[in-house]
Undergrad: 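One structure, pasted below without further comment.
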There are 2 protein chains.
Amino acid sequence: MPVGLEKAELDRIEEIVAVRRKVKRKDTLFRSGERFTSLYAIRTGVFKTQVTTEDGRDQVTGFQMAGEIIGLDGIVNNRHSCDAVALEDAEVCVMPFDRIEELSREVTALQRHVHRIMSREIVREHGVMLLLGSMRAEERLAAFLLNMVQRLHARGFSATELVLRMTREEIGSYLGLKLETVSRTLSKFVEEGLLEVNQRHVRILDEAELQRLVNPPACA
Amino acid sequence: MPVGLEKAELDRIEEIVAVRRKVKRKDTLFRSGERFTSLYAIRTGVFKTQVTTEDGRDQVTGFQMAGEIIGLDGIVNNRHSCDAVALEDAEVCVMPFDRIEELSREVTALQRHVHRIMSREIVREHGVMLLLGSMRAEERLAAFLLNMVQRLHARGFSATELVLRMTREEIGSYLGLKLETVSRTLSKFVEEGLLEVNQRHVRILDEAELQRLVNPPACA
DNA sequence: CGCCGCATTGACGTTCGTCAAGTCTAGTGG
DNA sequence: CCACTAGACTTGACGAACGTCAATGCGGCG
């Protein structure tokens, strides 16, 4: 997680990361309204984060996997403003935020790291806003699949195959679509020979075409 | 901008904030791809930030006004990933980010402040994702108007009147709607007696009803 | 005074949501 | 081990919401 630095510093960082917590499938790591104390680094498993309105609608704001950090939303008000739910049995490192702040005052590499993580999340969300605000269903789903497979590939998994840990409804919530639209669009991709889909198992057959869907060639 | 602390510290913070920059209407404060060096605190004027795809579509990711900080997107990669455009003549404080990091190692209040600003932006974007992903046009526009007037009110302006600094197209881009839909929805609100609209001048007549639009009473 | 960018409005089309029926799979208990 | 069930998924028919295209109006600035 942190970058190359000295031994004494490394020890102190490892101390922060010492506490582990297991979260079973469908359990929450934290919920909106709960007191914020720590950030969590995912060791294993996949999570979704979601925000909910008073009238019960909710929006999945992201899917997080090993190596990613969740809980940043809680810093502003010392309360979490979204739920984090495990999509499969998972384990996280509990990193007390006051310890992080304390140590990042001394270790500039850690300070930079924290800033970059938060900035990365802001940039990621810009991308989601672009997706939700100006893409059609096919484009959204293609972007989603490519993003997932790319992140999995970076973790040593296949570059063409993936197992979705979330339901069609959760994908739909993330992409601003109804589950039927997700299902139909997947079926369409299969018909067109872009994918093989077997329940939650997806194999990408034509990555180039999916990529073209996301970013149509500039028509100029 | 910073919170209550000591004199020597305050001096050093003011040093960071010393450099000003004027930006004329339609000019950019920074553009996607430019090297990131500084955060900017808006002193006067309103900005929009937007991301652009290779094929030319773009998405307004936010409107920022006095007291708000822009440029956080640049921290991850030392390059900006969005454009910041002044919607009217504006002035900002240029705050070199390495100076901010340096000083926030010594002044814990500043460190906390920086963290909270970034976290607040993440939470704000969650709200936008909710809006884009699960609200209908009327709800989006009502939410937008209430948000704008509330922020203006917090700055000493009217709680019921506002002047939009952006075009219908820019509002539409932010809300994931076409400009015609924005225009039509505004007209509908006028017909229903919720608003008075005169070009970019808007007066809110029935805030309660707008609020109900955003958050329909739990039907339980 | 005239132009140009912005806004409004109407008619029509497309995309996606809604509702409903039916299938498949995994997990459970007999 | 197998039948049963519940949750997840698929597919179709239909409709609503929003986008598209086009015509027109309005206001500010040179």
Side-chain angles (χ1 to χ4, degrees), chain A residues 24-26 48 57-60 85 87-89 131-145 162-192 195-202 213 216 219, chain B residues 24-26 46 48 56-60 85 87-89 131-145 162-192 195-202 213 216 219:
Chain A
K24 292 205 108 45
R25 193 169 105 90
K26 300 204 176 188
K48 67 171 175 180
R57 281 182 294 193
D58 52 26
Q59 169 77 26
V60 171
V85 183
L87 298 178
E88 55 186 343
D89 291 357
L131 181 145
L132 291 172
S134 66
M135 291 186 172
R136 290 171 318 111
E138 287 182 26
E139 303 173 300
R140 296 184 199 190
L141 199 59
F144 169 74
L145 291 171
L162 68 160
V163 177
L164 300 170
R165 300 300 174 180
M166 64 295 287
T167 67
R168 304 288 191 259
E169 185 168 16
E170 286 164 336
I171 296 172
S173 173
Y174 180 57
L175 299 178
L177 301 170
K178 293 295 163 180
L179 68 95
E180 293 94 331
T181 303
V182 173
S183 182
R184 264 186 262 271
T185 307
L186 281 174
S187 299
K188 190 174 174 215
F189 285 168
V190 171
E191 276 175 37
E192 293 169 344
L195 300 178
E196 275 175 26
V197 176
N198 209 305
Q199 293 297 114
R200 300 201 179 176
H201 198 102
V202 177
L213 268 176
C219 311
Chain B
K24 294 207 106 41
R25 193 168 106 92
K26 300 205 176 185
V46 175
K48 68 171 175 181
R57 282 183 293 195
D58 52 25
Q59 170 76 25
V60 171
V85 183
L87 298 179
E88 57 187 341
D89 291 356
L131 181 145
L132 291 172
S134 67
M135 291 187 172
R136 289 172 318 110
E138 287 182 26
E139 303 173 300
R140 296 184 199 190
L141 199 58
F144 169 73
L145 291 171
L162 69 160
V163 177
L164 300 170
R165 299 301 174 181
M166 65 295 286
T167 66
R168 303 288 191 260
E169 184 168 17
E170 287 163 337
I171 296 172
S173 173
Y174 181 57
L175 299 179
L177 302 170
K178 293 295 162 179
L179 69 94
E180 293 93 332
T181 303
V182 173
S183 183
R184 264 186 260 271
T185 307
L186 281 174
S187 298
K188 189 174 174 213
F189 285 168
V190 171
E191 275 175 38
E192 291 170 345
L195 302 177
E196 275 175 26
V197 176
N198 208 306
Q199 295 296 113
R200 300 200 180 178
H201 199 102
V202 176
L213 268 176
C219 310

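Not measured: the values here are computed from a predicted model. The sequence lines fix the lettering, A, B, ..., with proteins before strands; numbering per chain opens at 1. Keep in mind that the numbers below use all heavy atoms, side chains included, and drop hydrogens, waters and symmetry copies.
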Undergrad: Which angle, rounded to 10°, do you find between the first-five-pair axis and the last-five-pair axis of the helix from C/dC1-D/dG30 to C/dG30-D/dC1?
TA: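 Taking the rotation axis at each end, their angle is 40°.
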
Undergrad: Using atom CZ of A/R184 as one end and atom C1' of C/dC16 as the other, report the distance to the nearest whole Å.
TA: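 Checked: the CZ to C1' distance equals 8 Å.
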
Undergrad: Whole angstrom is fine here: how far is it from CD in A/E180 over to C1' in C/dA20?
TA: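 Going from A/E180 (CD) to C/dA20 (C1'), I get 10 Å.
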
Undergrad: Under 4.0 Å: is that the gap between some side-chain N or O of B/R168 and OP1 or OP2 of C/dA7?
TA: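 Yes, B/R168 has a side-chain N/O under 4.0 Å of OP1/OP2 on C/dA7.
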
Undergrad: Report the distance from atom CG of B/L132 to atom P of C/dC16, rounded to the nearest whole Å.
TA: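 Atom-to-atom, B/L132 to C/dC16, this comes out as 15 Å.
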
Undergrad: So, does A/T181 get its side chain near the phosphate of C/dG17, meaning an N or O under 4.0 Å from OP1 or OP2?
TA: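 Answer yes for this pair, as a side-chain N or O of A/T181 is under 4.0 Å from OP1 or OP2.
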
Undergrad: Side chains of A/Q59 and A/L132: does their closest heavy-atom pair fall under 4.5 Å?
TA: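 In short, these two side chains touch, coming nearer than 4.5 Å.
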
Undergrad: Closest-nucleotide mapping onto DNA chain C: is B/S187 or B/R25 further toward the 5' terminus? I mean the 5' end.
TA: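 Its nucleotide being nearer the 5' end, the pick is B/R25.
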
Undergrad: Which nucleotide of DNA chain D is the first, and which the last, in the 5' to 3' direction, to come under 4.0 Å of a heavy atom belonging to chain B?
TA: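 The footprint of chain B covers D/dC18 to D/dC21.
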
Undergrad: Just how far, in rounded Å, is C1' of C/dT14 from CZ of A/R136?
TA: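 My rounded result for the distance is 10 Å.
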
Undergrad: Roughly how many Å is it from CD in B/Q199 to P in C/dG5, rounded to a whole number?
TA: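 Distance check: B/Q199 CD to C/dG5 P gives 16 Å.
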
Undergrad: Taking atom P of C/dT25 as reference, at what distance in whole Å does atom CZ of A/R200 sit?
TA: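 Taking CZ of A/R200 and P of C/dT25, I get 13 Å after rounding.
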
Undergrad: Tell me whether the count of non-hydrogen atoms from other residues, nucleotides or ligands lying under 6.0 Å of CD in B/E169 goes above 12.
TA: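 No - once you tally the heavy atoms of other residues, nucleotides and ligands closer than 6.0 Å, there are 12 at most.
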
Undergrad: Roughly, in whole Å, what's the span from CG in B/L177 to C1' in C/dT15?
TA: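 Going from CG in B/L177 over to C1' in C/dT15 covers 15 Å.
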
Undergrad: With a non-hydrogen cut-off below 4.0 angstrom, is A/G176 in contact with a base, only sugar-phosphate, or nothing?
TA: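 Answer is sugar-phosphate: A/G176 comes under 4.0 Å of backbone atoms only.
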
Undergrad: Rounded to whole Å, how long is the line connecting atom CE of B/M135 with atom P of C/dG17?
TA: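 The distance from CE of B/M135 to P of C/dG17 comes to 16 Å, rounded to the nearest Å.
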
Undergrad: When we call it a touch if two heavy atoms are under 4.0 Å apart, what does B/L186 touch: a base, just sugar-phosphate, or nothing?
TA: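 Since no nucleic acid heavy atom lies under 4.0 Å of B/L186, the category is nothing.
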
